[in-house]
Amino acid sequence: MNFHNLLINWYLQNKRNLPWRNTANPYHIWLSEIMLQQTRVAQGMPYFLSFTTAFPTVFDLAKAQEEQVLKLWQGLGYYSRARNLHKTAQYIATERNGIFPDNYKDLLQLKGVGEYTAAAIASFSYNEVVPVVDGNVFRVLSRYFDIETDIAQASAKKEFAALAFELMPKDNPAIFNQAIMEFGALQCVPKNPDCTICIFNDSCAALQKKKVNQLPVKSKKLKVRNRYFNYVMLSDAEENTLIQKRTTKGIWHNLYEFPLIETLQEEDFEFVSNAVQQELFFTNPIISMQACNEKSIVHKLSHQHLHIKFWKLNVKGKVENGISKEELKRYPFPIVIHNFIESE
DNA sequence: AAATCGGGGTC
DNA sequence: GACCCAGATTT
C-alpha cells in the first residue's frame with residue numbers, strides 16, 4: 001500500500017474523537033486552529049468548549065468586549081491570538097456578513113492566520129488540496145524520508161509542503177491532513193516512539209538508519225532572560241485594591257496586573273519599600289507592608305523567567321478607583337497573578 | 001533570519 | 001533542564 005492509504009487506514013482506526021472534527025463549520029474550525037497553535041489538544045479542549053458555548057457564532061464573538069474574550073482565553077497563553085481572534089471576528093461579521101473566506105489564499109489575509117492555519121481551514125472546511133505543515137508533519141516526514149533539513153530555517157516549510165502535497169490524495173486532502181498530524185501526535189512522537197508497532201516500520205528511512213531520535217533537525221536555541229517583578233497589592237480597610245491594564249509592548253499585552261516595580265535583581269523589603277514610595281505615588285497613607293511569598297515565584301515563559309514577589313500594602317482611607325475582591329475576578333490576568341489571587 | 005509571544009506536558 | 005506543542009507576527 002502507498003503512503004497515504006496506510007496513513008489514512010491507521011487514522012481511521014486510531015483517531016481521537018475531537019469536537020472540531022465533527023464539523024466543517026469554518027467558524028469552529030478557525031476557532032480550534034487558532035487555539036491549537038503551539039498548544040496541546042488537551043490544553044486547548046476546555047477553551048474550545050467554553051468559547052463555542054459563550055460565542056455560538058462569529059457574530060457573538062464579534063459583539064463581545066475584548067476584555068471578555070481575554071478573560072475566557074486566560075491561561076491559554078500567547079494572548080495576541082485572542083486579540084487577533086476578536087478583531088478577525090469583527091471583520092468577518094461586519095465586512096463579510098459573517099462569511100469566512102473559502103480558499104487558502106484569502107484565508108491567509110486574516111489576522112492571526114498563517115500558512116498552517118489557512119491550509120487547515122481550507123482543507124477541513126472547503127476540501128482545498130493544500131497541505132498543512134506543523135510540528136507533527138515536520139517530524140513524520142523528516143523521519144520517514146530521512147530529511148536532515150533544519151526545520152528552523154524559513155525555507156524548510158516550502159520543502160516539506162511540496163513533499164506533503166505530492167503525498168496527498170487529491171480527492172481527500174482533509175483526511176490526509178488530519179491523519180498525518182494525528183500520526184505525529186500519537187505514534188511518531190518526539191521522544192522514544194514505539195517503532196515496533198508502527199505501520200511504517202518496514203519503510204521508514206530513519207528507523208532503518210537508526211536516526212529516529214535525531215530527526216527532525218532543529219537548530220534554534222533560545223536564550224532565556226531573567227526578570228524580577230514586584231507586584232504591589234494595595235489593600236484598604238474594605239479590602240479594595242488597585243489594578244492596571246498592561247499596555248506596554250511585550251508579554252501580557254492588554255491583560256491586567258497589580259502596580260509593578262520591576263528591578264534588575266531580586267530585591268528585599270527595604271528596597272521595595274523605598275521604591276513604592278518613590279515610584280508609585282499612592283495617595284493613601286501607608287500603614288504597613290509585607291511580603292506575601294517568602295521566596296520568589298519563578299514563572300517560566302518560553303524566553304523569560306519571571307521571578308515574582310507579591311507585596312501587600314495596607315493603607316488608610318479608601319483607595320480611589322479601587323475594586324473589590326469580587327470585582328477582581330472579572331478581569332483577565334496572567335495565570336500566575338490569577339493563581340496568586342485565588343490563593344489569597 | 002532571528003526574536004518574540006505563554007503555559008503546560010514529558011522525559 | 002531541555003524540548004515540544006494542530007505557529008504567527010514583528011524586528
Side-chain angles (χ1 to χ4, degrees), chain A residues 15-16 18-21 29-48 70 73-85 87-88 107-124 131-140 150-157 160-161 164 174 176-186 188-193 213-225 227 246 248-255 297-306 332-339:
Chain A
K15 67 173 181 172
R16 293 166 291 182
L18 305 176
W20 47 85
R21 280 192 179 148
I29 301 295
W30 165 72
L31 187 56
S32 69
E33 293 301 340
I34 300 295
M35 285 181 167
L36 293 176
Q37 290 167 3
Q38 290 293 287
T39 303
R40 288 167 191 283
V41 164
Q43 189 185 2
M45 179 91 76
Y47 289 84
F48 178 79
L70 286 172
W73 199 274
Q74 178 179 283
L76 196 54
Y78 286 165
Y79 296 94
S80 66
R81 292 183 296 171
R83 299 191 301 269
N84 285 333
L85 184 84
K87 286 178 194 155
T88 295
L107 285 161
L108 208 45
Q109 303 305 311
L110 302 176
K111 281 187 199 301
V113 174
E115 293 172 352
Y116 163 77
T117 305
I121 302 171
S123 61
F124 300 156
V132 292
V133 180
D134 73 335
N136 293 305
V137 175
F138 276 131
R139 191 167 56 252
V140 171
D150 180 0
I151 65 170
Q153 294 188 338
S155 56
K157 209 184 286 182
F160 281 83
F176 177 84
N177 281 341
Q178 292 279 10
I180 194 167
M181 288 194 287
E182 191 79 334
F183 185 75
L186 300 183
C188 195
V189 294
K191 289 197 172 176
N192 305 318
N213 281 319
Q214 301 165 40
L215 291 170
V217 174
K218 190 175 179 182
S219 65
K220 275 184 203 163
K221 277 155 188 113
L222 56 95
K223 293 182 182 119
V224 176
R225 170 165 77 114
R227 299 178 75 180
R246 264 187 94 89
T248 51
K249 299 187 71 164
I251 58 169
W252 301 338
H253 185 74
N254 283 6
L255 273 66
I297 297 170
V298 182
H299 186 65
K300 295 181 178 180
L301 309 183
S302 47
H303 57 292
Q304 298 181 24
H305 286 182
L306 307 178
F333 290 100
I335 200 65
V336 64
I337 298 180
H338 171 78
N339 289 340

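In what follows, every chain begins at residue 1, and chains take the letters A, B, ... in the order their sequences are listed. Owing to the predicted nature of the structure, the values given are computational and were not obtained by experimental measurement.
Across all strands shown, A/Leu18 has heavy atoms under 4.0 Å from base atoms, whether or not it also approaches the sugar-phosphate. Residue contacts for A/Trp73: at a heavy-atom cut-off of 4.0 Å it reaches no nucleic acid atom on any strand shown. Residue-level contact check: A/Glu115 touches the backbone only, with heavy atoms under 4.0 Å from sugar-phosphate atoms and none from bases. As judged by a 4.0 angstrom heavy-atom cut-off over every strand, A/Ser80 is placed among residues making no nucleic acid contact. The residue A/Arg21 sits close to a base: some heavy atom pair falls under 4.0 Å. Note on A/Ala154: only backbone sugar-phosphate atoms sit closer than 4.0 angstrom, heavy atoms only; bases stay farther off. Contact annotation for A/Asn177: no contact, since no heavy-atom pair falls under 4.0 Å across all strands. Heavy atoms of A/His299 sit under 4.0 angstrom from primed sugar atoms or phosphate atoms, though from no base atom. Within 4.0 Å (heavy atoms only), A/Thr117 reaches sugar-phosphate atoms of the nucleic acid but no base atom. Within the 4.0 angstrom heavy-atom criterion, only backbone atoms of the sugar-phosphate kind lie near A/Val113; the bases stay farther away.
A donor and an acceptor atom, one from each side chain of A/Glu33 and A/Tyr116, are located under 3.5 Å apart. Side-chain contact check for A/Gln178 and A/Arg21: at least one donor-acceptor pair (N or O, by modelled atom type) lies under 3.5 Å.
With hydrogens and angles disregarded, no donor-acceptor distance shorter than 3.5 Å links the side chain of A/Arg16 to the backbone of A/Val41. Listed for the A/Gln74 side chain is no donor-acceptor partner under 3.5 Å among the backbone atoms of A/Pro332. The backbone N or O of A/His299 lies less than 3.5 Å from no partner atom in the side chain of A/His305, so there is not a single donor-acceptor pair.
Rounded to an integer number of Å, the gap from A/Leu107 CG to C/dG7 P is 17 Å. Between the CE atom of A/Met35 and the P atom of C/dA8 there is a distance of 16 Å, given to the nearest Å. The distance between atom CD of A/Gln37 and atom P of C/dT9, rounded to the nearest whole Å, is 8 Å. At whole-Å resolution of the value, CD in A/Glu33 and P in C/dG7 are 9 Å apart. Here C/dG7 presents its P atom at 6 Å from OH of A/Tyr116, a figure rounded to the nearest Å. As a whole-Å value, the separation of A/Met181 CE from C/dC5 P is 12 Å. When the P atom of C/dC5 is taken as reference, atom CD1 of A/Ile34 falls 18 Å away, rounded to whole Å. Atom CG in A/Leu36 sits roughly 8 Å away from atom P in C/dA6 (whole-Å rounding).
Scanning all heavy atoms of the two residues, the minimum distance from A/Arg139 to A/Pro216 falls at CG-CD, 3.7 Å.
Running 5' to 3' along DNA chain B, contacts with non-hydrogen atoms of chain A at under 4.0 Å begin and end at B/dA1 to B/dC11.
Aromatic ring orientation, A/Phe160 versus A/Phe138: perpendicular (interplanar angle above 60°, classes split at 30° and 60°).
Taking side-chain N and O atoms only, A/Lys249 has a distance below 4.0 Å to OP1 or OP2 of C/dT11.
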